[in-house]
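Here, residue 1 is the first one in the sequence, and each next residue gets the next number. Below, all heavy atoms of this structure are taken into account, side chains as well, without hydrogens, waters or symmetry copies.
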Amino acid sequence: TSLAPLASAKAGGQVNSVSITTDQSRIVSGDTSGQIIVWDADSLQRLKTASTGGEVYSVMISSNGSQIVSGDASGSITLWDVNSLTQLASASVSPAQVWSVAISTDGTRIVSGDSLGRLTVWNASLCAPLKLARTNSPVQSVAITADGSRIISGDQSSKVCVWDADSDANSLVMITSTKASGHVSSVALSNEGSRIAFANPFGNARGSLSVWSWRAGFPPELDIVNTT
C-alpha cells in the first residue's frame, strides 16, 4: 500500500509538529515561525492562525476536538480554544524550552517535557502544576494514557520511562524504564496503553523504531515486541 497526498499547504515556517482531530475534520500545526495554524483537513485551507512567543515545538488536539495544547521555545505551555484560537490558559517553565506536550483523553491533564530535563503534569483548565519529576537529560517526547494515570517520556540520555501520575507523592514516581540505542526522539502510546513505540536516530544508518509491551504488576515490566 502506498501513501499519496490528498492535499498540501505552506505554513509560516518549517513545521515541527502536527495533530489531527479524532473526527478527521481539522489539523493543527506548529512551526518555526511561532505560528499555530488550524486547517480544514480535507482542503488544507487555513481556518485560524495564532502567534506564540517562540518557535512551536509541539502541538496536540484534545480528544473532543475543542482544545489545543502547545509548547514553545519561550518556555510557554498554552491551552487554546480550537475554534477561535484564543488562549484559555498559559504557564511558563522559562528559561527552559518546552519540547513536547500531551493532553489526557478527558482533557483534564497536560504533561510537558522540557530542555532542562523536567517532566511536569498540569491541571489543564488552569495550567497549574500538579506534579513534577526531574530526569538526567532533556525530555524529547512525552505521551499520556487515556485516563491520565501513566506518563511515558523519552529523553536524550536514551531512556524511556513510565511514570505514575496518580500516586500520593508530590512528584511523579518512576515505575519502570528501559534504554534505547540512542537518544529518544519520539514516543507514542496505544489507545489502551499496553504498547509503547519509540524512535531514535542512532540505532542504525536509518535510525531505529521499537515497540514494547507494557505490563503492570509487581514488578511492572517492559518487554520488547519488535525493533527495526
How would you list, by chain and number, every residue that makes a side chain to side chain contact (heavy atoms under 4.5 Å, CB included) with Ser8, sequence neighbours excluded? none

Nearest heavy-atom pair of Ile77 and Val98: which atoms, and what distance? CD1-CG2, 3.8 Å

Using side-chain hydrogen bond (donor to acceptor under 3.5 Å, both in side chains) as the criterion, list what pairs up with Asn64, not counting sequence neighbours. Ser62, Ser66

Can you tell me how far apart OG (Ser17) and CH2 (Trp99) are? Round to the nearest 0.5 Å. 14.5 Å

All pairs passing salt bridge (Lys or Arg N to Asp or Glu O under 4.0 Å) where residues 88-111 contributes a residue, at least two apart: Arg109-Asp166

Side-chain contact, heavy-atom cut-off 4.5 Å: Val82 with Val28? no

List in chain and number order the residues that pass side-chain hydrogen bond (donor to acceptor under 3.5 Å, both in side chains) with Ser115, two or more places apart in sequence or in another chain; answer none if no residue qualifies. none

Could you work out, with side chain to side chain contact (heavy atoms under 4.5 Å, CB included) as the rule, every residue matching Ala4, not counting sequence neighbours? none

Show every salt bridge (Lys or Arg N to Asp or Glu O under 4.0 Å) that has at least one partner inside residues 3-31, sequence neighbours left out. none

Under the side-chain hydrogen bond (donor to acceptor under 3.5 Å, both in side chains) test, which residues partner Ser141, sequence neighbours left out? none

Sorted by chain and residue number, the side chain to side chain contact (heavy atoms under 4.5 Å, CB included) partners of Lys159 (sequence neighbours excluded) come out as Asp155, Ser157, Cys161, Met174, Ser177, Lys179

Partner residues of Asp114 under the salt bridge (Lys or Arg N to Asp or Glu O under 4.0 Å) criterion, sequence neighbours left out: Arg118

Quick check against the 3.5 Å criterion: does Ser43 have a side-chain atom that pairs as donor or acceptor with the backbone of Gln45? yes

Apply side chain to side chain contact (heavy atoms under 4.5 Å, CB included) to Ser51 and list each qualifying residue two or more places apart in sequence or on a separate chain. Gln35

How long is the gap from OG on Ser19 to CD1 on Ile68, to the nearest 0.5 Å? 8.0 Å

Could you tell me which residues satisfy side-chain hydrogen bond (donor to acceptor under 3.5 Å, both in side chains) with Thr135, sequence neighbours excluded, listed by chain and number? none

Exercise answer: donor-acceptor pairs, residues 54-61 side-chain atoms, under 3.5 Å, sequence neighbours excluded:
{"residue": "Glu55", "atom": "OE2", "partner": "Asn16", "partner atom": "ND2", "Å": "2.8"}
{"residue": "Tyr57", "atom": "OH", "partner": "Gln97", "partner atom": "OE1", "Å": "3.3"}
{"residue": "Ser58", "atom": "OG", "partner": "Val101", "partner atom": "N", "Å": "3.1"}

